[in-house]
Amino acid sequence: MSTATLENKLDKAMELVGGLIDPEIAESYPSLEARILAQALENVEIAERRLREIQKLVGDFSEEVLI
């Protein structure tokens, strides 16, 4: 794979994780590839926490509407 192709893929991957790497992740992983993957995992964990909170809120709302 050419360097340009790899750079394009890394640029796209950075875009997909929001363009930023958490400073703790940046310090913990030696390569950009590992940092991107770790940030993606962190983003998934954050999204799951938010989803659970939304489900609680909507569940609470649904229960109130049924009463």
Side-chain angles (χ1 to χ4, degrees):
M1 181 180 330
S2 73
T3 303
T5 302
L6 178 59
E7 288 177 13
N8 288 341
K9 288 183 177 187
L10 290 175
D11 288 344
K12 179 64 176 171
M14 279 295 295
E15 181 182 316
L16 291 170
V17 295
L20 298 173
I21 301 290
D22 183 279
E24 288 182 26
I25 290 173
E27 291 177 11
S28 300
Y29 295 90
S31 71
L32 181 56
E33 294 90 338
R35 291 174 186 163
I36 291 169
L37 292 171
Q39 186 64 58
L41 180 58
E42 177 69 17
N43 292 354
V44 167
E45 291 171 354
I46 291 168
E48 287 175 336
R49 284 194 299 270
R50 290 177 179 165
L51 176 59
R52 285 191 295 274
E53 186 63 29
I54 290 166
Q55 288 172 326
K56 282 188 217 175
L57 294 169
V58 171
D60 291 346
F61 176 75
S62 295
E63 291 172 10
E64 290 177 15
V65 170
L66 293 174
I67 295 177

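- Between Thr3 and Glu7, some side-chain heavy-atom pair lies under the 4.5 Å cut-off.
- Of the residues listed (Asp22, Leu37, Ile25), the one engaging Glu42 in a side-chain contact (heavy atoms from CB on, under 4.5 Å) is Ile25, and it is the only one.
- No continuous path of hydrophobic side-chain contacts links Leu16 to Leu41 [ILVMFWY only; heavy atoms under 4.5 Å].
- Leu20 places none of its side-chain heavy atoms less than 4.5 Å from the side chain of Gln39.
- No side-chain heavy atom of Glu27 sits less than 4.5 Å from a side-chain heavy atom of Glu24.
- Residue Glu45 places its CD atom among more than 12 non-hydrogen atoms of other residues, nucleotides or ligands, all under 6.0 Å distant.
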Glu15 and Asp11: CA distance, side-chain angles, deciding distance, side chain to side chain contact (heavy atoms under 4.5 Å, CB included) verdict: CA-CA 6 Å; Glu15 181 182 316; Asp11 288 344; over 6 Å; no
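- Shown here is Arg50, whose CZ atom has no more than 12 heavy atoms of other residues, nucleotides or ligands within 6.0 Å.
- A 4.5 Å side-chain heavy-atom check between Ile46 and Arg49 finds at least one atom pair inside the cut-off.
- Contact detail for Leu32 and Leu10: the closest heavy-atom pair is CD2-CD1, 4.0 Å.
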